[in-house]
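As the structure is a computational prediction, the values presented were derived from the model and not from experiment. Chain A is the first sequence line, chain B the second, and so forth, proteins listed ahead of strands; every chain is numbered from 1.
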There are 2 protein chains.
Amino acid sequence: MRIGQLAQIAGIDTQTIRFYEKQGLLPLPDRQQNGYRIYNEKHGERLAFIRHCRILDLSLTEIRELQRYQDDPHQPCTAVNAMLDEHISHVQSQITALQTLEKHLVSLRACCNDDREIEACGVLAGISEGNMYSQ
Amino acid sequence: MRIGQLAQIAGIDTQTIRFYEKQGLLPLPDRQQNGYRIYNEKHGERLAFIRHCRILDLSLTEIRELQRYQDDPHQPCTAVNAMLDEHISHVQSQITALQTLEKHLVSLRACCNDDREIEACGVLAGISEGNMYSQ
DNA sequence: TTAAAACTATATAGTCACTATAAGGTCAAT
DNA sequence: ATTGACCTTATAGTGACTATATAGTTTTAA
């Protein structure tokens with residue numbers, strides 16, 4: 001199949017497929033005489049794998065690493081699990097940071113109502129003074 | 001004061017100060033005869049404001065907007081509060097998305113232990129099959 | 001006094017994972 | 001013959017910096 005069909009099946013843009021190819025995430029496809037790329041089901045599976053990884057917010061570098069593991073099927077999978085553990089930690093710190101941020105924003109928002117002039121705006125004053133950490 | 005001193009006081013890089021200037025977030029400073037930028041306390045305050053906004057994860061565009069409001073001190077501050085409300089919503093959706101992601105990652109991780117071969121790795125299998133949504 | 005270190009200036013490229021645009025070649029149908 | 005849908009490559013843009021290159025200036029030490 002050609003790139004358009006693969007893109008439709010995978011639900012992504014043709015540009016993105018070429019981009020993944022350039023990034024070394026997709027094996028180089030054969031070409032027709034006119035230069036068009038020709039894909040098979042293996043490419044579709046690879047692409048699905050990449051997309052699943054991206055949904056899990058794994059980086060392209062991490063995906064490349066996972067693919068290297070897959071090419072060496074008799075190694076122990078310790079490193080894969082470790083990568084996932086680390087990624088989970090990463091996501092958890094992001095959540096914690098955002099929750100802290102949310103608290104700050106909410107308490108900052110509580111410093112003002114809508115009926116003031118800019119000059120007297122509690123939010124702007126709070127930002128200026130940098131007291132957005134008042135628990 | 002020169003850019004290095006301002007950077008030290010503000011706790012940011014000189015490059016970032018020049019970058020903010022180019023982005024229209026800092027007023028153009030006077031120059032010495034040799035071309036060096038000369039800053040005053042107003043610049044320091046502006047820079048602090050920007051940094052506080054960035055800590056709150058407001059975008060440079062939002063910061064520019066807030067600065068425009070500050071230049072019009074007798075307007076009502078409704079728009080400022082609205083911006084903050086929307087930003088809080090934005091942060092909350094990020095948190096929700098990450099929490100969902102975390103659940104998927106944790107359940108995926110539960111599909112494997114460390115003592116398998118890559119071939120039998122539950123994590124890799126889970127990603128390939130795309131079943132990372134099995135709550 | 002001179003040389004090195006520390007500072008300043010501009011311009012440009014890199015980060016990440018795409019996305020958009022430009023300029024052109026190929027193919028099937030009308 | 002031409003339209004339209006597809007394909008090709010190359011290049012630039014996104015956001016908020018960060019890094020590098022190259023050069024000029026000032027300060028400090030020998």
Side-chain angles (χ1 to χ4, degrees), chain A residues 1-26 28-40 43 46-67 87 90-91 94 97-98 101, chain B residues 1-26 28-40 43 46-67 83 86-87 90-91 94 97-98 101:
Chain A
M1 79 187 113
R2 297 191 312 204
I3 198 169
Q5 200 185 342
L6 179 61
Q8 196 174 14
I9 289 171
I12 63 176
D13 199 282
T14 55
Q15 300 262 61
T16 306
I17 295 176
R18 294 195 196 96
F19 171 72
Y20 286 156
E21 177 183 318
K22 202 178 295 180
Q23 295 298 305
L25 292 167
L26 269 182
L28 293 176
D30 289 338
R31 301 278 187 147
Q32 282 180 347
Q33 284 202 330
N34 56 19
Y36 289 13
R37 290 170 177 81
I38 298 298
Y39 295 99
N40 56 38
H43 290 99
R46 273 280 213 192
L47 205 46
F49 183 81
I50 296 169
R51 288 278 88 192
H52 296 156
C53 287
R54 292 294 302 131
I55 288 166
L56 296 174
D57 205 27
L58 293 164
S59 70
L60 300 193
T61 301
E62 287 169 323
I63 297 171
R64 253 186 301 264
E65 205 177 325
L66 288 180
Q67 288 182 342
H87 188 55
H90 176 64
V91 170
Q94 284 184 277
L98 283 171
L101 175 59
Chain B
M1 82 187 112
R2 297 192 313 203
I3 197 169
Q5 199 185 342
L6 179 62
Q8 198 174 13
I9 289 172
I12 64 177
D13 199 282
T14 55
Q15 300 263 58
T16 308
I17 295 176
R18 295 193 195 96
F19 171 72
Y20 286 157
E21 177 184 316
K22 203 179 293 181
Q23 296 297 307
L25 291 168
L26 268 182
L28 293 177
D30 288 339
R31 299 281 186 142
Q32 282 180 346
Q33 283 202 331
N34 57 18
Y36 287 14
R37 292 170 176 82
I38 298 299
Y39 295 99
N40 55 38
H43 291 99
R46 273 279 212 190
L47 204 47
F49 183 82
I50 295 169
R51 289 277 89 189
H52 296 157
C53 287
R54 291 295 301 132
I55 288 166
L56 296 174
D57 205 28
L58 292 164
S59 71
L60 300 193
T61 301
E62 288 170 320
I63 297 171
R64 253 187 301 266
E65 204 175 326
L66 288 180
Q67 290 183 340
M83 182 196 287
E86 195 157 334
H87 188 55
H90 176 63
V91 170
Q94 284 185 279
L98 283 171
L101 175 57

Nucleotide [N], atom [atom2] - distance to [atom1] of [X] in whole Å:
X: A/Q94; N: C/dC16; atom1: CD; atom2: P; answer: 15 Å
X: A/I3; N: C/dG25; atom1: CD1; atom2: C1'; answer: 15 Å
X: B/I17; N: C/dC7; atom1: CD1; atom2: P; answer: 14 Å
X: A/D57; N: C/dC16; atom1: CG; atom2: P; answer: 14 Å
X: B/Q5; N: C/dC7; atom1: CD; atom2: P; answer: 12 Å
X: A/I63; N: C/dA17; atom1: CD1; atom2: P; answer: 8 Å
X: A/H90; N: C/dC16; atom1: NE2; atom2: C1'; answer: 12 Å
X: B/R37; N: C/dC7; atom1: CZ; atom2: P; answer: 17 Å

Polar atoms only, N or O, under 3.5 Å: list the protein pairs with nucleotides 26-30 of chain C and their distances.
| residue | atom | partner | partner atom | Å |
| --- | --- | --- | --- | --- |
| C/dT26 | O4' | A/Y36 | OH | 3.4 |
| C/dT26 | O3' | A/N34 | ND2 | 3.3 |
| C/dC27 | OP1 | A/N34 | ND2 | 2.9 |

Note: chain A reaches DNA chain D at heavy-atom distances under 4.0 Å over the stretch, first to last nt, 5' to 3', of D/dC6 to D/dT9
Are the side chain of [X] and the backbone of [Y] linked by a donor-acceptor contact shorter than 3.5 Å?
X: B/H43; Y: B/L6; answer: no
X: A/R64; Y: A/Q23; answer: yes
X: A/H87; Y: A/L56; answer: yes
X: A/R18; Y: A/I3; answer: no

Of all the heavy-atom pairs spanning B/A7 and B/D13, show the shortest one and how long it is. CB-C, 4.2 Å
So among B/L60, B/T14, B/L26, which one has a side chain to side chain contact (heavy atoms under 4.5 Å, CB included) with B/F19?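 The side chain to side chain contact (heavy atoms under 4.5 Å, CB included) with B/F19 is passed solely by B/L60 among B/L60, B/T14, B/L26.
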Between B/T14 and C/dC7, is there a side-chain N or O to OP1/OP2 distance below 4.0 Å? no
Side-chain N,O (A/Y20) to OP1/OP2 (C/dC18) below 4.0 Å: yes
Has the side chain of A/Q23 got a donor or acceptor that lies under 3.5 Å from a partner of the other kind on the base of C/dA17?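 There is none.
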Can B/Q32 and B/N34 be said to form a side chain to side chain donor-acceptor pair (under 3.5 Å), step by step? CA-CA 5 Å; B/Q32 282 180 346; B/N34 57 18; 3.3 Å; yes
Are there more than 12 heavy atoms of other residues, nucleotides or ligands under 6.0 Å from atom CD of B/E86?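 At most 12 heavy atoms, drawn from other residues, nucleotides or ligands, come within 6.0 Å of this atom.
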So what does B/R18 hit on the nucleic acid, given a heavy-atom distance under 4.0 Å: a base, only sugar-phosphate, or nothing?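 Base contact - B/R18 has a heavy atom under 4.0 Å of at least one base atom.
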Both B/E21 and A/L58 contact DNA chain C. Taking the nearest nucleotide for each, which residue is further toward the 5' end? B/E21
Do B/R46 and B/Y39 meet the criterion of a side-chain donor-acceptor pair at a distance under 3.5 Å?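 Short answer, no.
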